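In this text, all values refer to a predicted model and were calculated from it rather than measured experimentally.
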Amino acid sequence: MNKGIPADSEEGRLIAEDYLHLSGVIFEGNKELEEKFWMCVNRRLTLLPQACTR
């Protein structure tokens with residue numbers, strides 16, 4: 001995302017596939033935990049640190 005890789009490029013597709021695979025492995029289907037994790041990553045843990053402790 002930060003490197004400007006287009007989502008519809010081959011590299012973008014590979015990144016998305018890796019993301020989906022790793023999310024499945026790490027969060028074992030727990031969508032709520034996955035959403036909280038990515039919310040914290042997107043907020044860089046400093047804007048809303050309280051969201052990362054719930």
Does the ring pair (Phe, Tyr, Trp, His ring centres under 6.0 Å) test come out yes or no for Y19 and W38, once each step is laid out? CA-CA 11 Å; Y19 159 79; W38 287 112; 5.4 Å; yes
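- Atoms CD and CG, on E17 and L22 in that order, are 11.5 Å from each other to the nearest 0.5 Å.
- Closest approach of P6 to S9, counting heavy atoms only: O-OG, 2.7 Å.
- Ion pairing of E32 with K36 is present here, as a side-chain N (NZ or NE/NH1/NH2) and a carboxylate O approach within less than 4.0 Å.
- L14 and L20 fall into different hydrophobic clusters, where Ile, Leu, Val, Met, Phe, Trp and Tyr side chains are chained together by heavy-atom contacts under 4.5 Å.
- Rounding to the nearest 0.5 Å gives a distance of 9.5 Å between CG of N30 and CD of E35.
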